[in-house]
Amino acid sequence: MPSSPPLIAPSILASDFARLGEEVRAIVAAGADWVHLDVMDGHFVPNITIGPDVIKALRPLTDAPFDCHLMIAPVDPFLDAFRNAGADRISIHPEAGPHLNRSLKHIRAIGAKAGVVFNPSTPPEVIEWMMDDVDLCLVMTVNPGFGGQTFMHSQLRKIERLRRMIDASGRDIRLEVDGGVTAETAPLCIAAGADVLVAGSAAFKGGPDHYAANIRALKGG
């Protein structure tokens, strides 16, 4: 079980898009550990956000790890583009391609950490036979596609199950949670075994003067 405070990965989906570069700089200066990049295609999920060119434009602004969540299908044709744009971690949905293991191996081959995203209906067992090829598990505690949704408490048991699987594997696999994460729900995720928390509204609320306090609250401080 994780014993140190969780890493916080603010989702720029909740930032001021008119000031995107400034927002990335500000949230990192406020203590963000990773920058979470939600990529949506309007097909796999009902929303359209950003693509590789935006990530490439943001990359020179910070050394913080770029945590890229691809909500696109098919996903395989775009893996290289997001890695070349500067993504350090690339997480994909099992439902977004025919061969999850092949996709994960390719992500690692091009130099990124490989993540698997679990929709509310995706079972933990989808990675049971390929733990050696996984660097990150991302549990969605909302249905993907939009920010500001209500946290689904039913997913806490999935986080617990994945924590047991990770611990049993002996591998250094991060367990991340995304969706409705606030200062109130963060402790529930941590208690279930999460060690990385994605936060949108809870990280960016109040503007730059409040970002550091928001991140401290999410860490439990």
Side-chain angles (χ1 to χ4, degrees), residues 9-15 17 20 34-59 65-110 112-128 130 133-152 154-155 158-159 162 173-181 194 196-201:
S11 169
I12 65 167
L13 187 63
S15 69
F17 268 38
L20 195 51
W34 298 355
V35 176
H36 190 76
L37 303 152
D38 287 303
V39 179
M40 307 182 191
D41 65 358
H43 167 70
F44 186 68
V45 292
N47 197 5
I48 299 174
T49 55
I50 62 173
D53 286 347
V54 173
I55 294 173
K56 183 178 180 180
L58 295 173
R59 183 66 280 182
F66 275 9
D67 181 35
C68 192
H69 174 193
L70 299 185
M71 289 166 271
I72 60 178
V75 72
D76 290 337
F78 301 98
L79 297 175
D80 288 62
F82 282 99
R83 173 57 181 158
N84 292 337
D88 298 293
R89 289 168 176 79
I90 299 176
S91 296
I92 62 175
H93 290 252
E95 300 86 359
H99 303 291
L100 176 61
N101 187 248
R102 182 179 294 164
S103 301
L104 296 176
K105 285 180 177 294
H106 183 73
I107 291 169
R108 296 175 109 191
I110 58 177
K113 298 289 188 181
V116 178
V117 189
F118 298 82
N119 281 341
S121 61
T122 306
E125 288 72 23
V126 73
I127 61 166
E128 185 173 5
M130 53 180 183
D133 297 309
V134 177
D135 298 298
L136 172 71
C137 294
L138 172 54
V139 177
M140 296 300 300
T141 43
V142 299
N143 284 296
F146 293 96
Q149 297 185 66
T150 302
F151 183 88
M152 297 174 65
S154 62
Q155 300 305 298
K158 183 184 293 180
I159 299 168
L162 282 165
I173 299 173
R174 289 290 187 178
L175 181 49
E176 187 174 25
V177 178
D178 182 5
V181 175
V196 184
L197 302 178
V198 177
S201 305

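The figures that follow rest on heavy atoms only: side chains count, while hydrogens, waters and symmetry mates do not. Index from 1, following the sequence. Since the structure is predicted, the reported quantities are computational estimates derived from the model, not experimental observations.
Side-chain contact between Cys68 and Val39 is present, with at least one heavy-atom pair separated by less than 4.5 Å. Taking 4.5 Å as the limit, every side-chain heavy atom of Pro52 sits out of range of all side-chain heavy atoms of Phe78. In this structure, Lys113 and Asp67 have side chains that are not in contact, with every pair of non-hydrogen atoms separated by 4.5 Å or more. The side-chain heavy atoms of His69 and His93, taken from C-beta on, include a pair separated by under 4.5 Å. Looking only at side-chain heavy atoms (C-beta outward), Val198 and Val181 stay at 4.5 Å or farther from each other. For the pair Leu70/Phe44, no side-chain contact is recorded, criterion being any heavy-atom separation below 4.5 Å from C-beta on. At a threshold of 4.5 Å between non-hydrogen side-chain atoms, the residues Leu104 and Ile127 do not count as touching.
Taking Glu128 as the reference, nothing meets the salt bridge (Lys or Arg N to Asp or Glu O under 4.0 Å) condition, with sequence neighbours excluded. Annotation: side chain to side chain contact (heavy atoms under 4.5 Å, CB included) contacts of Ile48 (sequence neighbours excluded): none.
One N or O on the side chain of Thr141 and one on the backbone of Asp178 form a donor-acceptor pair closer than 3.5 Å. Between the side chain of Asn143 and the main chain of Pro120, no donor-acceptor pair closer than 3.5 Å is present.
Shown here for Ile55 and Ala87, the closest heavy-atom pair between the two residues is CG2-N, 4.5 Å. Ile12 and Ser15 get closest at one heavy-atom pair: O-OG, 2.6 Å. Here the shortest heavy-atom pairing between Leu162 and Cys137 reads CD2-SG, 4.3 Å. The heavy-atom pair separating Leu79 from Ile110 by the smallest distance is O-CD1, 3.8 Å. Considering every non-hydrogen atom in both Val126 and Met130, the closest pair reads O-CE, 3.4 Å. Closest heavy-atom contact between Pro94 and Thr122: CG-CG2, 4.2 Å.
Applying the side chain to side chain donor-acceptor pair (under 3.5 Å) test to every pair with at least one member in residues 50-59, sequence neighbours left out, gives these pairs: Arg59-Asp88.
If you take CG on Leu58 and CZ on Phe66, they are separated by 5.0 Å, rounding to the nearest 0.5 Å. Rounding to the nearest 0.5 Å gives a distance of 11.0 Å between CZ of Arg83 and NE2 of His106. Taking CD from Gln155 and OG from Ser121, the interatomic distance works out to 8.5 Å, rounded to the nearest 0.5 Å. Atom CG of Leu37 is separated from atom CD1 of Ile50 by 5.0 Å, given to the nearest 0.5 angstrom. Here Ile159 contributes atom CD1 and Leu175 contributes atom CG; the two are 6.5 Å apart, rounded to the nearest 0.5 Å. One distance of note links CG of Leu136 with OG of Ser91; it measures 4.0 Å at 0.5 Å rounding.
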List the steps and the verdict of side chain to side chain contact (heavy atoms under 4.5 Å, CB included) for Thr49 and Met71. CA-CA 10 Å; Thr49 55; Met71 289 166 271; over 6 Å; no
Please step through side chain to side chain contact (heavy atoms under 4.5 Å, CB included) for the pair Val117 and Glu176, ending with a clear verdict. CA-CA 9 Å; Val117 189; Glu176 187 174 25; over 6 Å; no
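Looking at His36 and Asp38, their side chains do bring a donor and an acceptor atom within 3.5 Å of each other.
When the shell of 6.0 Å around NZ of Lys158 is examined, it contains more than 12 heavy atoms from other residues, nucleotides or ligands.
Ion pairing of Asp135 with Arg89 is absent here, as no side-chain N (NZ or NE/NH1/NH2) approaches a carboxylate O to less than 4.0 Å.
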